[in-house]
Undergrad: 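Next up is a structure, given as structure tokens.
The figures that follow rest on heavy atoms only: side chains count, while hydrogens, waters and symmetry mates do not.
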Amino acid sequence: MSKPNYRDIARQAGVGTATVERVLNGRGGVRPELVEKVISAARRLNYPRKLPETHRGLLRIEALMVRPDTTFYRRLSHAFERIAATLDPLVVVHRSFAEELNPEGIARRILSAGLSRAGLILAVPSHPVIAAAVEKVNAQGLPVVHVVTRASERVGEFIGIDNHAAGRTAALYISRMALRTGPVAAICHPIYQVHRDRIRGFSDYFREHPAGSSFEWLGFGGDEEHFSADRLWSALEMYPGLAGLYNAGGANSALIEVLRRHPRGRDVFFVGHELTEYTRAALRDGIMDIVLDQAPEAQARRALDVILRRIGLTEIEPDRAPIHFITITKEGL
């Protein structure tokens with residue numbers, strides 16, 4: 001492939017070739033935000049020459065998340081906070097939350113031009129309106145990284161676990177370790193692609209290993225405690241011999257309470273995600289059997305490493321492999 005030229009950089013940055021020439025040759029007279037776009041575009045295209053230094057003020061990286069009431073997203077937010085404290089003082093990581101079920105509001109936050117941003121880290125649901133906003137700001141030269149789940153399939157790098165593998169792993173444990181064979185249920189929040197990937201992996205495993213237990217029922221709990229508890233209670237009543245339960249999302253505390261109260265709850269082999277105070281206690285009590293923790297701290301670190309590389313503050317290319325999820329049992333606490 002031929003090396004990139006001024007026209008390629010101009011197209012990527014959304015500016016004219018004259019602006020690119022002035023920036024790359026240090027002639028001045030270009031607004032700082034346009035200088036940033038040109039240099040960022042040149043770096044993304046691997047323009048083969050030493051590029052001028054552009055960063056004179058604060059570099060603002062925005063991390064936009066949802067559900068601050070959940071332990072997982074609090075862990076993720078605190079991880080960004082802790083890591084930011086170790087970075088160059090000129091790098092500011094701004095953490096904020098949006099309403100999960102308001103895609104238009106999330107899109108407006110993504111498109112917001114109130115403050116200059118050097119990078120955008122997203123942990124928000126997938127939705128056509130959100131995806132369009134992501135693609136628009138990325139086309140304008142803003143580096144975008146998706147954490148936990150993808151908000152756009154077309155642009156931005158994804159940092160997260162292999163969710164299909166996580167679902168298969170949950171199925172493997174239930175099929176091999178449950179006290180009995182029989183019907184198996186799962187609960188998820190379908191607005192998240194990663195939950196759908198986990199359920200697909202879970203289903204694939206049982207389809208490929210038909211002996212013994214079988215995946216019979218899927219409930220949509222919406223990561224809400226009341227709905228998730230109702231779905232699980234219904235499954236227990238529908239399947240008196242329920243052998244296993246996989247929760248691909250949140251609301252573990254509600255499911256744990258149902259299994260504590262129901263007369264057959266302790267007979268169900270329960271696999272869920274994220275180590276929290278509730279799941280830790282449930283592991284100790286034998287209500288929960290396996291926790292698959294997706295290490296939000298590692299995801300935050302990788303996401304910031306990717307952004308810092310894309311804006312030229314480090315020469316180290318981050319690892320591209322999925323984040324390793326951690327299997328935790330009672331004996332491993």
Side-chain angles (χ1 to χ4, degrees), residues 4 8-16 19-20 23-24 30-47 51-66 76 80 83-84 87-88 90-98 103-160 299-314 317-318 320:
D8 298 323
I9 297 170
R11 190 179 307 113
Q12 181 77 222
V15 300
T19 299
V20 173
V23 170
L24 296 187
V30 180
R31 298 198 310 274
E33 62 269 25
L34 295 185
V35 173
E36 190 69 51
K37 287 183 177 182
V38 170
I39 299 301
S40 296
R43 286 198 176 100
R44 286 197 301 275
L45 293 171
N46 294 316
Y47 188 65
L51 297 173
E53 191 64 44
T54 64
H55 308 306
R56 294 291 182 263
L58 291 178
L59 280 172
R60 183 173 179 271
I61 299 172
E62 182 176 3
L64 180 62
M65 298 162 280
V66 295
L76 184 65
F80 281 125
I83 296 165
L87 301 177
D88 187 296
L90 291 179
V91 178
V92 175
V93 180
H94 181 260
R95 298 164 294 129
S96 61
F97 290 88
E104 291 79 11
I106 294 173
R108 285 194 296 272
R109 297 281 290 277
I110 291 169
L111 293 169
S112 173
L115 291 172
S116 176
R117 297 173 293 188
L120 178 62
I121 299 172
L122 295 172
V124 299
S126 55
H127 187 281
V129 172
I130 297 173
V134 174
E135 289 155 20
K136 181 174 181 178
V137 298
N138 184 254
Q140 294 169 347
L142 182 65
V144 176
V145 172
H146 306 275
V147 175
V148 184
T149 187
R150 289 196 71 105
S152 166
E153 292 294 328
R154 296 180 58 190
V155 301
E157 298 179 64
F158 172 65
I159 306 298
Q299 297 194 43
R301 174 78 266 180
R302 179 85 62 82
L304 284 170
D305 285 346
V306 169
I307 291 291
L308 294 175
R309 175 69 181 93
R310 297 299 167 262
I311 63 179
L313 288 189
T314 176
E317 189 66 34
R320 299 282 185 140

Undergrad: Would you call Arg11 and Asp8 a salt bridge, taking side-chain N to carboxylate O under 4.0 Å as the test?
TA: yes
Undergrad: What pair of heavy atoms forms the shortest contact from Pro318 to Arg302, and how long is it?
TA: CB-CD, 4.1 Å
Undergrad: Got a list of side-chain donor-acceptor pairs under 3.5 Å for residues 118-135, not counting sequence neighbours?
TA:
residue, atom, partner, partner atom, Å
Ser126, OG, Ile191, O, 3.4
His127, ND1, Val129, N, 3.0
Glu135, OE2, Ser152, OG, 2.9

Undergrad: Do Ile39 and Leu24 have side-chain heavy atoms sitting under 4.5 Å apart?
TA: yes
Undergrad: Run the side chain to side chain contact (heavy atoms under 4.5 Å, CB included) check on Val93 and Ile83 step by step: do they pass?
TA: CA-CA 9 Å; Val93 180; Ile83 296 165; over 6 Å; no
Undergrad: Got a second to check how far Leu304's CG is from Thr314's OG1, nearest 0.5 Å?
TA: 12.0 Å
Undergrad: State, with a plain yes or no, whether a side-chain heavy atom of His94 is found less than 4.5 Å away from one of Arg117.
TA: no
Undergrad: Is there a donor-acceptor contact under 3.5 Å from the side chain of Gln299 to the main chain of Val148?
TA: yes
Undergrad: With rounding to the nearest 0.5 Å, note down the distance linking CG in Leu59 to CD1 in Ile307.
TA: 11.0 Å
Undergrad: What closest approach, in Å, do Ala303 and Phe80 show between heavy atoms, and which atom pair accounts for it?
TA: CB-CE2, 4.5 Å
Undergrad: Looking only at non-hydrogen atoms, find the nearest pair between Arg43 and Ile311 and report the distance.
TA: NH1-O, 3.2 Å
Undergrad: What's the spacing between Leu76 CG and Met65 CE if we round to 0.5 Å?
TA: 5.5 Å
Undergrad: Using 4.0 Å as the upper bound for N to carboxylate O, is an ion pair formed by Arg309 and Asp305?
TA: no
Undergrad: Below 4.0 angstrom, N of the basic side chain to O of the carboxylate: do Arg109 and Glu104 qualify?
TA: no
Undergrad: Just wondering, do Lys37 and Thr19 contact through their side chains at under 4.5 Å, heavy atoms?
TA: no
Undergrad: Would you name the heavy atoms of Arg310 and Pro143 that are closest together and state the gap between them?
TA: CB-CB, 4.1 Å
Undergrad: State the NZ-CD1 distance between Lys136 and Ile110, to the nearest 0.5 angstrom.
TA: 12.0 Å
Undergrad: Would a distance-only check, ignoring hydrogens and angles, find a side-chain to backbone donor-acceptor pair under 3.5 Å from His146 to Val155?
TA: yes
Undergrad: Are any side-chain N or O atoms of Arg44 and backbone N or O atoms of Gly141, one a donor and one an acceptor, separated by less than 3.5 Å?
TA: yes
Undergrad: To the nearest 0.5 angstrom, please state how far the CG atom of Leu142 sits from the CG atom of Leu111.
TA: 10.5 Å
Undergrad: Please report the interatomic distance CZ(Phe97) to CG(Leu64), rounded to the nearest 0.5 Å.
TA: 9.0 Å
